[in-house]
Asker: 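The structure is given below, and queries will be raised subsequently.
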Amino acid sequence: MPVITLPDGTTKTFDSPVTVAQVAASIGAGLAKAAIAGKVNDKLVDTFYTINDDANLRIITDRDPEGLEIIRHSTAHLLAHAVKTLYPTAQVTIGPVIENGFYYDFAFSHTFTTEDLAKIEAKMQEIVEQNYQVSRKEVSRDEAIKYFRSIGEEYKVRIIEDISADEQLSIYQQGDFADLCRGPHVPSTGMLKAFKLTKVSGAYWRGDSKNEMLQRVYGTAWKDKKALEEYLKQQEEIEKRDHRKIAKNMDLFHFQDIAAGMVFWHENGWAIYQQVKQYISDRIAEDGYQQVATPQIVDLDLWRRSGHWDMFGEEMFTVESDNRQYAVKPMNCPCHVQIFNQGLRSYRDLPIRLAEFGYLHRNELSGAMHGLMRVRQMVQDDAHIFCAEDQIQEESARFIRLLIDVYKDFGFNEIIVRLATRPDKRLGTDALWDQTEGALAAALKSSGLTFEYRPGEGAFYGPKVEFHLKDSIGRTWQCGTLQLDYAMPGRLDAYYIAEDGSKKVPVMLHRAILGSLERFLGILIEHYAGKFPVWLAPVQAVIMNITDKQASYVEEISRELKKHGLRVKSDLRNEKIGFKIREHTLENVPYLLVAGDREVENRTLSVRTQDGKDLGVMPVDKYLELVKAEIQRRGRVET
RNA sequence: GCCCACAUAGCUCAGUCGGUAGAGCACUUCCUUGGUAAGGAAGAGGUCGUCAGUUCGAUUCUGAUUGUGGGCUCCA
């Protein structure tokens with residue numbers, strides 16, 4: 001006689017074991033129809049799951065996040081069902097839920113094209129209309145293996161062999177399609193009403209590039225057509241924020257095949273770039289860094305000694321001259337060690353913080369390039385801190401404080417922080433790793449940041465903290481980083497004289513706030529959708545005349561504003577004022593200044609902002625004051 | 001590097017079932033001197049990414065190549 005307790009605390013008593021569906025039906029016909037699954041004592045189950053004993057039960061519908069997830073998972077099965085129907089020799093592998101949708105990986109000799117997607121989607125629709133009941137069968141390991149082998153699904157067999165022996169296996173069946181799955185699933189295919197296959201791509205079996213490549217079909221699924229359409233529309237909006245599109249519109253930079261992965265910066269983009277660089281330059285100077293510059297091409301010998309040639313030789317550009325082999329530097333650190341090594345260092349000199357905006361070249365795989373986000377030539381706001389072991393935590397904490405403050409100036413409040421810990425292949429003792437990982441974790445905690453661990457993802461020489469930011473479509477990109485390095489200083493013979501007169505090897509902290517300036521600008525463009533705050537805007541104001549009569553006044557004021565450091569352009573074209581306003585609004589110029597006869601007479605300007613606000617007519621001095629205050633505020637969001 | 005797709009005027013795109021291409025915006029000239037998101041007219045502009053092959057003829061078909069986009073892998 002199970003007693004079912006519902007989320008609102010009410011109980012229902014049944015004479016005999018009941019299914020989730022029956023409980024839902026006992027509450028109401030509407031709920032019975034909407035039920036996707038149940039949550040029995042916090043465990044997600046199918047609607048046809050039988051409850052034998054007293055239990056807490058929540059009926060899951062498409063309004064619950066869990067419901068949406070089940071819909072997406074079931075849609076992945078629906079996709080596999082359709083593919084197997086159309087192409088019986090395709091083999092199924094895995095089909096998980098991802099953000100906004102799902103994918104399914106197939107092994108198949110014929111490659112899916114975009115046209116095939118339409119066909120598959122139509123077949124999925126048919127299966128939905130058939131409204132197949134979904135059923136679940138628990139099977140033993142041997143049964144499962146035997147079954148999938150009998151229908152030629154070798155990948156499923158490999159998957160089963162990898163599942164731990166104590167786990168209960170289950171097979172879900174809809175129509176003539178069966179798939180190994182933990183579940184739960186929607187009770188019938190007719191409940192899948194809003195989905196769309198979005199793209200097809202390759203993906204390695206088990207995510208390993210040594211393995212064969214499978215075909216991955218991506219899709220999105222929602223609770224109803226309206227939600228699907230909203231999502232698709234939102235995606236379109238988001239695409240407009242793409243930094244590559246905005247760059248064309250605002251004339252920021254371009255790429256060309258004569259130098260793939262390297263940026264041709266135009267005046268406007270370079271203005272932002274320089275502004276960002278100068279800002280960091282000022283911030284780190286305040287924080288006790290020395291700025292240095294080191295050679296672009298350096299003898300290969302240095303890279304052999306540092307270990308980079310062995311690890312990353314393939315991604316380095318090389319140059320030969322006078323029988324000597326050089327590498328174009330992929331990073332600054334070995335060069336900074338050379339500066340550290342000049343002269344004799346004392347423990348009193350530490351920490352030494354060497355910063356450089358050096359050009360770095362890395363021959364990234366051709367398929368890895370991605371607008372500004374992944375390039376072959378970049379500049380990092382790179383610095384290396386040489387310090388004693390007992391200074392690590394303080395230096396780490398100090399860096400993190402600086403980073404958070406800098407990010408605030410750019411208006412970033414959502415930072416994803418990851419602490420990557422010891423990898424399998426590593427240098428140093430476990431005790432040392434315990435200590436260094438602990439130091440970084442402590443530094444993060446003291447700054448109040450929440451972070452997640454990334455086990456095994458640290459560098460071979462030390463743990464690292466990664467600071468990620470999101471681009472417009474939600475992909476995360478590593479920007480800032482902080483890495484502890486016990487290896488390189490020793491390899492390159494760096495030492496200092498300790499208090500007791502002995503030679504000691506310093507610890508090296510590799511750190512960057514923005515990471516690659518190129519990538520950071522990409523993120524920044526998308527973050528602001530091109531509508532930069534005044535301090536960063538490539539053109540901060542455009543002054544325009546109404547008729548030719550005000551031309552000389554406009555030129556005069558333009559010169560004056562430039563004298564105060566503003567990036568100003570004048571627009572004296574023979575066009576109507578409405579036309580000019582429209583054009584510069586679309587160019588994301590923050591201030592539109594208009595001078596007609598009235599303004600000339602009173603030596604004023606009519607001030608309008610990019611977002612269409614009319615600030616009225618004001619004297620030039622007052623405008624300067626206003627704009628300077630705004631520049632001072634940078635991108636801080638008042639909280 | 002791997003999988004799929006794409007590459008046509010400065011930009012956004014259309015088009016040619018194989019007979020050397022078209023729109024809108026931008027550009028140039030002229031008219032217009034107009035007060036806050038597009039005034040009007042005329043004109044100019046492309047050997048259809050590159051290299052091969054098939055063909056009487058290729059921007060269109062085939063192959064290779066380069067680049068780009070979306071993924072996968074990688075990311076010192």
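It should be emphasised that the depicted structure is a prediction, and the values quoted were computed from it without experimental measurement. Each chain gets a letter, A, B and so on, in the order its sequence line appears, and its residues count up from 1.
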Asker: If the P atom of B:G67 is compared with that of B:U62, how far apart are they to the nearest Å?
Answerer: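 To the nearest whole Å, 22 Å.
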Asker: So what does A:Gln483 touch, heavy atoms closer than 4.0 Å: a base, only the sugar-phosphate, or nothing?
Answerer: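 Sugar-phosphate contact only - A:Gln483 comes under 4.0 Å of backbone atoms but never of a base.
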Asker: Want to settle it: does A:Gly261 or A:Leu592 sit nearer the 5' end of RNA chain B, counting the closest nucleotide to each?
Answerer: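 Of the two residues, A:Leu592 wins.
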Asker: Taking only the P atom of each, what is the distance from B:C13 to B:G69 in whole angstrom?
Answerer: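 Going atom to atom, P in each nucleotide, I get 14 Å.
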Asker: Flag the pair A:Glu556 and A:Arg603 as a salt bridge only when some basic side-chain nitrogen lies within less than 4.0 angstrom of an acidic carboxylate oxygen.
Answerer: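 Judged by the 4.0 Å cut-off on N to carboxylate O distance, A:Glu556 and A:Arg603 do form a salt bridge.
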Asker: Between B:C27 and B:G45, how far apart are the two C1' atoms, rounded to whole Å?
Answerer: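 One C1' to the other, the span is 9 Å.
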Asker: What integer distance in Å separates A:Asp614:CG from B:U36:P?
Answerer: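 That distance rounds to 10 Å.
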Asker: Look through every strand shown and name the nucleotide pairing with B:U50 as Watson-Crick or G-U wobble, where both distances are under 3.5 Å.
Answerer: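 Checking every strand shown, B:U50 finds its partner in B:A64, with both distances under 3.5 Å.
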Asker: Measure the distance from CD on A:Glu364 to P on B:C2 and round it to the nearest whole Å.
Answerer: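 Atom CD in A:Glu364 sits about 16 Å away from atom P in B:C2.
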Asker: Could you check whether A:Tyr104 and A:Phe106 have their ring centres less than 6.0 Å apart?
Answerer: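 Between A:Tyr104 and A:Phe106, which both carry aromatic rings, the centre distance is below 6.0 Å.
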Asker: From the set B:A76, B:A37, B:G69, return the single nucleotide nearest to any side-chain atom of A:Tyr461.
Answerer: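 In terms of side-chain proximity for A:Tyr461, the closest of B:A76, B:A37, B:G69 is B:A76.
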Asker: Where the side chain of A:Ala368 is defined as all heavy atoms beyond and including C-beta, which of B:A37, B:G34, B:C74 is the nearest nucleotide?
Answerer: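 Comparing B:A37, B:G34, B:C74 against the side chain of A:Ala368, the answer is B:C74.
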Asker: Quickly work out the A:Phe112 CZ to B:C2 P distance and round it to whole Å.
Answerer: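 So the CZ-P distance, A:Phe112 to B:C2, works out to 21 Å.
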Asker: Without decimals, in angstroms, what is the distance between A:Asp571 CG and B:U33 P?
Answerer: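 Between P of B:U33 and CG of A:Asp571: 18 Å.
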Asker: Taking only the side-chain nitrogens and oxygens of A:Arg362, find out if one of them lies under 4.0 Å from OP1 or OP2 of B:C75.
Answerer: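 So the side chain of A:Arg362 is outside the cut-off, no N or O lying under 4.0 Å from OP1 or OP2 of B:C75.
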Asker: Are the side chain of A:Arg72 and the backbone N or O of A:Ala221 linked by a donor-acceptor pair below 3.5 Å?
Answerer: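 Looks like yes, one N/O pair under 3.5 Å.
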Asker: Using heavy atoms to find the nearest nucleotide of RNA chain B for A:Ile546 and A:Thr111 separately, return the residue whose nucleotide is more 5′.
Answerer: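 This one resolves to A:Thr111.
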Asker: According to the 5.5 Å centroid and 30° plane-angle thresholds, does A:Phe579 stack upon the nucleobase of B:A38?
Answerer: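 By the stated criterion, A:Phe579 and B:A38 do not stack.
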Asker: Confirm from the modelled atom types if A:Asp257 and B:U66 form a donor-acceptor pair under 3.5 Å, side chain to base only.
Answerer: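 Check fails, no donor-acceptor contact within cut-off.
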Asker: Across all strands, who's sitting opposite B:U36 as a Watson-Crick or G-U wobble pair, both distances under 3.5 Å?
Answerer: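 Because no pair has both required distances under 3.5 Å, B:U36 counts as unpaired.
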Asker: Distance check: side-chain N/O of A:His370 vs OP1/OP2 of B:G70, anything under 4.0 Å?
Answerer: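 Answer yes for this pair, as a side-chain N or O of A:His370 is under 4.0 Å from OP1 or OP2.
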Asker: State whether A:Lys123 and A:Asp116 are salt-bridged, where the test is any N-O pair (Lys NZ or Arg NE/NH1/NH2 against Asp/Glu carboxylate O) under 4.0 Å.
Answerer: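 No, this pair does not count.
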Asker: Let me know the distance between CH2 of A:Trp477 and P of B:C74, rounded to the nearest Å.
Answerer: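 The distance from CH2 of A:Trp477 to P of B:C74 comes to 14 Å, rounded to the nearest Å.
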Asker: Below the 4.0 Å mark, does B:C3 have OP1 or OP2 next to a side-chain nitrogen or oxygen of A:Ser201?
Answerer: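 False: A:Ser201 side-chain N/O out of range (4.0 Å or more) of B:C3 OP1/OP2.
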Asker: Among B:U73, B:A38, B:G71, which is the nearest nucleotide to the side chain of A:Tyr218?
Answerer: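 It is B:G71.
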Asker: What nucleotide among B:A76, B:G35, B:U73 has an atom nearest to a side-chain atom of A:Asp597?
Answerer: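 Shortest atom-to-atom distance from the side chain points to B:G35.
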Asker: Once you apply the 3.5 Å cut-off to both distances, tell me the Watson-Crick or G-U wobble partner of B:A21, or none.
Answerer: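 When the pairing criteria are applied, nothing turns out to pair with B:A21, so the answer is none.
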Asker: Between B:U33, B:A37, B:C4, which nucleotide has the shortest distance from any of its atoms to the side chain of A:Val200?
Answerer: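 Within the option list, the nearest is B:C4.
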Asker: Which of the following nucleotides, B:G1, B:G70, B:C74, is nearest to the side chain of A:Arg374?
Answerer: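 Out of B:G1, B:G70, B:C74, the nucleotide with an atom closest to A:Arg374's side chain is B:C74.
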Asker: Among B:U36, B:A26, B:G34, which nucleotide has an atom closest to any side-chain atom of A:Lys576?
Answerer: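 Of the options given, the side chain of A:Lys576 lies nearest B:G34.
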Asker: Which listed nucleotide (B:G39, B:G67, B:A37) is nearest to the side chain of A:Ala260?
Answerer: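 Looking only at side-chain atoms, A:Ala260 lies closest to B:G67.
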Asker: Between atom CG in A:Asn588 and atom P in B:A37, what is the gap in whole Å?
Answerer: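 The answer, rounded to whole Å, is 16 Å.
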Asker: Less than 6.0 angstrom separating the ring centers of A:Tyr87 and A:Phe108, yes or no?
Answerer: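 Centroid separation for A:Tyr87 and A:Phe108: below 6.0 Å.
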Asker: Under 3.5 Å, is there an N or O donor on one side and an acceptor on the other linking the side chain of A:Tyr204 and the base of B:G71?
Answerer: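 Answer is no: no donor-acceptor pair is held.
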Asker: Would the distance check show the side chain of A:Lys240 and the main-chain N or O of A:Lys245 forming a donor-acceptor pair, the cut-off being under 3.5 Å?
Answerer: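 No.
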Asker: Using a heavy-atom cut-off of under 4.0 Å over every strand shown, decide if A:Ser366 touches base, sugar-phosphate, or nothing.
Answerer: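 Since a base atom lies under 4.0 Å of A:Ser366, the category is base.
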Asker: Under 4.0 Å between a side-chain N or O of A:Arg244 and OP1 or OP2 of B:G70?
Answerer: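 Yes, A:Arg244 has a side-chain N/O under 4.0 Å of OP1/OP2 on B:G70.
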Asker: Please pick, from B:A76, B:A38, B:G71, the nucleotide with the shortest atom-to-atom distance to any side-chain atom of A:Arg475.
Answerer: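 It is B:G71.
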Asker: Could you tell me which nucleotide pairs with B:A76 by Watson-Crick or G-U wobble geometry, both distances under 3.5 Å, or answer none if nothing does?
Answerer: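 Partner of B:A76: none.
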Asker: Which base sits across from B:G43 as a Watson-Crick or G-U pair, both distances under 3.5 Å?
Answerer: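 Partner of B:G43: B:C27.
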Asker: From B:U12, B:A76, B:A37, pick the nucleotide closest to the side chain of A:Lys248?
Answerer: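 Comparing B:U12, B:A76, B:A37 against the side chain of A:Lys248, the answer is B:U12.
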Asker: In this structure, is the centre-to-centre distance between the rings of A:Phe520 and A:His527 below 6.0 Å?
Answerer: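 No: the rings miss the under 6.0 Å criterion.
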Asker: Between B:A5 and B:A76, how many Å separate the two C1' atoms, rounded to a whole number?
Answerer: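 Those two atoms are separated by 32 Å.
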Asker: Taking the C1' atom in each of B:G46 and B:U12, what is the distance between them to the nearest angstrom?
Answerer: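 It works out to 16 Å between them.
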Asker: Separation of A:Glu583 atom CD from B:C25 atom P, in whole Å?
Answerer: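 Rounded to the whole Å, the gap is 13 Å.
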Asker: Would you say the side chain of A:Ser606 and the base of B:U36 hold a donor-acceptor pair, judged only by whether the two atoms sit under 3.5 Å apart?
Answerer: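 Looking at the base of B:U36, it does pair with a donor or acceptor on the side chain of A:Ser606 (distance under 3.5 Å).
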Asker: Can you check the distance between B:C2 and B:C48, where both ends of the measurement are the P atom (answer in whole Å)?
Answerer: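 It works out to 28 Å between them.
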Asker: Taking atom C1' of B:C6 as reference, at what distance in whole Å does atom CD of A:Glu239 sit?
Answerer: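 Interatomic distance, CD of A:Glu239 to C1' of B:C6: 14 Å.
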Asker: Could A:Lys119 and A:Glu121 be called an ion pair, given the rule that one side-chain N must be under 4.0 Å from one carboxylate O?
Answerer: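 Here A:Lys119 does not pair with A:Glu121 in a salt bridge, since their nearest N and O are not under 4.0 Å apart.
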Asker: Within the 4.0 Å heavy-atom criterion, would you say A:Gly578 contacts the bases, only the backbone, or no part of the nucleic acid?
Answerer: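 Result for A:Gly578 = sugar-phosphate.
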Asker: Any sub-3.5 Å donor-acceptor pair from A:Lys196's side-chain atoms to A:Gly219's backbone N or O?
Answerer: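 No, because the side chain of A:Lys196 does not come within donor-acceptor range (under 3.5 Å) of the backbone of A:Gly219.
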Asker: I'd like the P distance from B:C31 over to B:G22, given in whole Å.
Answerer: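 Pairwise P distance, B:G22 against B:C31, rounds to 31 Å.
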Asker: At under 4.0 Å, does any side-chain N or O of A:Thr113 touch on OP1 or OP2 of B:C4?
Answerer: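 For B:C4, OP1/OP2 do not have a side-chain N/O of A:Thr113 under 4.0 Å.
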Asker: Taking atom C1' in both B:A44 and B:U29, compute the distance separating them and give it to the nearest angstrom.
Answerer: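 Pairwise C1' distance, B:A44 against B:U29, rounds to 10 Å.
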